[in-house]
Protein chains: 2
Amino acid sequence: MLTTLKQHIEQLVPLTDAEFAQIASFFTEKKFKKHQFLIQEGEAAPYEFFVVKGLVKAYHTDTDGKTHILQFGQEQWWITDYQAFYSGATATLAIDCIEDTHVLCITRANRELLCANQRKMEQFYLKKSSFGYMALQRRILSLLTTNAKERYEQLLLQYPGLINRVPKTLIAAYLGLSRETLSRLS
Amino acid sequence: MLTTLKQHIEQLVPLTDAEFAQIASFFTEKKFKKHQFLIQEGEAAPYEFFVVKGLVKAYHTDTDGKTHILQFGQEQWWITDYQAFYSGATATLAIDCIEDTHVLCITRANRELLCANQRKMEQFYLKKSSFGYMALQRRILSLLTTNAKERYEQLLLQYPGLINRVPKTLIAAYLGLSRETLSRLS
DNA sequence: CCGCAGGTGTGATGCACATCACAGTAAAAT
DNA sequence: ATTTTACTGTGATGTGCATCACACCTGCGG
């Protein structure tokens, strides 16, 4: 399902078929079942993943054993433990599948080669990264300024599809609430 | 003080003097006094700023009039309302000076020209943006997982210099606490 | 020299949300 | 079909932090 990737990239930079064929050659496909890990805490994170189909979560488990979700990854999202991916260190995040998931994978070395060979991809990654940065800024402001109910409502507006795909427990872990509090909101 | 910028860029990509001279030509210098605004909420944000000397804060004021600090900008930090800068929309963040501040400014059009002319700068911005993304992820995790005291201690470790330069009230606004709570921590 | 504003500490009180505990329903596993 | 495991709701209680109120101190301008 490389066409998904092509369409995704072309939202930001136009590509010829030849260019895309070259780009595609840097990726490998993998499929994971629900509950399987893409990345485990304490292990290496050699790949950045592009989610073609399915749904994953990236999370950290704190010293009390509570999990805090940093990011969901649904169709057309990029996800990995970037800290570990870029530095080569072991992961502090875990990423596992909420649904059966189909991803495209690229290693760091291949990503660098790809950017060197295809300037358009470097431009693409810069734009993606900038948008991602702004999205995280919005989330930080949301955490700083709003209470439980408002945060939940913002999430409903921003990702209306998510709520039907992920259990409320996980929504709570993303919003920084207990599941009981979330349950009492609506 | 363009040498500061050169050194800063060279931490990520090496530059010849000629290359840097070209890069420098895209920036203009400005100086601001304490309490002056680099960007005001509701106005345009035509520049990205590189702080050569001084200290600023980027913040949002909520409906109750409380301010929430998204970012401090001290020496060698880049800062603007990126949302407004990239989109051309009016700013939802304000940025003003905590100290007299000396910045280098680049417009969006110039930044794009610069990246087009100097591939190294595109690479530089991609790296910067990636690092920034990871830093924001860490801050989100910190907001999700830690209480007031731990967040404050993390801040002390991460930016030991800040505490001597900015009033505690502002530290509290950055950490998402009331000033009274922060005052009771140590 | 005095008045005033900005920054800080500290008590009293209140509230949003966490935690603990239990129950019920749905879905998956055997 | 039966057990087990997720997921969700809801009461009772606890607590971290906000809010309100006030006092003190320091630096600055008139």
Side-chain angles (χ1 to χ4, degrees), chain A residues 32-37 54-57 59-69 72 94 96-101 140-156 161-186, chain B residues 33-37 55-57 59-69 72 96-100 140-156 161-186:
Chain A
F32 294 89
K33 293 273 178 203
K34 188 170 171 171
H35 294 137
Q36 279 193 308
F37 285 91
L55 182 56
V56 304
K57 63 179 194 283
Y59 58 99
H60 176 71
T61 306
D62 70 18
T63 44
D64 301 340
K66 285 204 321 193
T67 76
H68 302 272
I69 297 180
F72 290 108
D96 70 15
C97 298
I98 298 171
E99 303 174 358
D100 292 357
T101 297
I140 288 170
L141 270 185
S142 164
L143 287 168
L144 290 178
T145 62
T146 66
N147 64 19
K149 181 157 194 184
E150 289 169 333
R151 281 216 292 291
Y152 181 56
E153 284 164 359
Q154 284 178 4
L155 183 73
L156 290 183
L162 255 197
I163 290 82
N164 310 312
R165 293 176 77 177
V166 327
K168 298 264 172 78
T169 309
L170 299 184
I171 301 283
Y174 177 86
L175 292 173
L177 307 175
S178 70
R179 35 146 300 269
E180 294 94 328
T181 296
L182 181 63
S183 166
R184 281 185 252 259
L185 286 184
S186 4
Chain B
K33 293 275 178 201
K34 188 170 171 173
H35 295 136
Q36 277 192 308
F37 285 92
L55 182 57
V56 303
K57 63 178 194 285
Y59 59 97
H60 176 73
T61 307
D62 69 18
T63 43
D64 301 342
K66 287 204 323 195
T67 76
H68 303 272
I69 296 179
F72 290 108
D96 70 15
C97 298
I98 298 171
E99 302 174 357
D100 292 356
I140 287 171
L141 270 184
S142 164
L143 286 168
L144 290 178
T145 62
T146 66
N147 63 21
K149 182 158 195 184
E150 288 169 332
R151 280 216 292 290
Y152 181 55
E153 284 164 359
Q154 283 178 7
L155 183 72
L156 290 183
L162 254 196
I163 292 80
N164 310 313
R165 294 176 77 178
V166 325
K168 298 264 172 77
T169 308
L170 298 184
I171 301 283
Y174 176 85
L175 292 173
L177 307 175
S178 70
R179 172 241 29 80
E180 293 95 329
T181 296
L182 181 64
S183 165
R184 280 184 253 258
L185 286 184
S186 353

#### Entry: Under 3.5 Å donor-acceptor, B/Asn147 side chain and B/Lys149 backbone
yes
### Message
How bent is the helix from C/dC1-D/dG30 to C/dT30-D/dA1, measuring the angle between the end axes built from five pairs each, rounded to 10°?
### Response
40°
## Note on the structure
Scanning both residues in full, the closest heavy-atom pair of B/Leu175 with B/Leu143 reads O-CD2, 4.0 Å
Polar atom pairs (N or O), protein with nucleotides 13-16 of chain D, under 3.5 Å:
none

### Summary
Sorted by chain and residue number, the side-chain hydrogen bond (donor to acceptor under 3.5 Å, both in side chains) partners of B/Tyr59 (sequence neighbours excluded) come out as B/Asp96
### With B/His68 via side-chain hydrogen bond (donor to acceptor under 3.5 Å, both in side chains) - residues at least two apart
B/Asp62
### Message
Test of understanding: with salt bridge (Lys or Arg N to Asp or Glu O under 4.0 Å), list the residues that count as partners of A/Glu99, not counting sequence neighbours.
### Response
A/Arg165
Restricting to nitrogen or oxygen on both sides, can you table the protein-nucleotides 28-30 of chain D pairs closer than 3.5 Å?
none

Quiz: residues 177-184 of chain B side-chain donor-acceptor pairs under 3.5 angstrom, not counting sequence neighbours:
| from | atom 1 | to | atom 2 | distance (Å) |
| --- | --- | --- | --- | --- |
| B/Ser178 | OG | B/Thr181 | N | 3.2 |
| B/Ser178 | OG | B/Thr181 | OG1 | 3.0 |

### Message
Could you work out, with ring pair (Phe, Tyr, Trp, His ring centres under 6.0 Å) as the rule, every residue matching A/Phe72, not counting sequence neighbours?
### Response
A/Tyr174
### Nucleotides bounding contact with chain B, strand DNA chain C, heavy-atom threshold 4.0 Å
C/dG7 to C/dA12
Dump every N/O contact between nucleotides 7-10 of chain D and the protein below 3.5 Å, one line per pair.
| from | atom 1 | to | atom 2 | distance (Å) |
| --- | --- | --- | --- | --- |
| D/dT8 | OP1 | A/Lys168 | N | 3.1 |
| D/dT8 | OP2 | A/Lys168 | N | 2.6 |
| D/dT8 | OP2 | A/Thr169 | N | 3.1 |
| D/dT8 | OP2 | A/Thr169 | OG1 | 3.4 |
| D/dG9 | OP2 | A/Ser183 | OG | 3.3 |
| D/dG9 | N7 | A/Arg179 | NH2 | 2.5 |
| D/dG9 | O6 | A/Arg179 | NH2 | 2.9 |

### Task
Please name all residues satisfying side-chain hydrogen bond (donor to acceptor under 3.5 Å, both in side chains) with A/Gln154, sequence neighbours left out, ordered by chain then number.
A/Ser142
#### Entry: For B/Lys34, all residues meeting side-chain contact (heavy atoms from CB on, under 4.5 Å), sequence neighbours excluded
B/Asp100
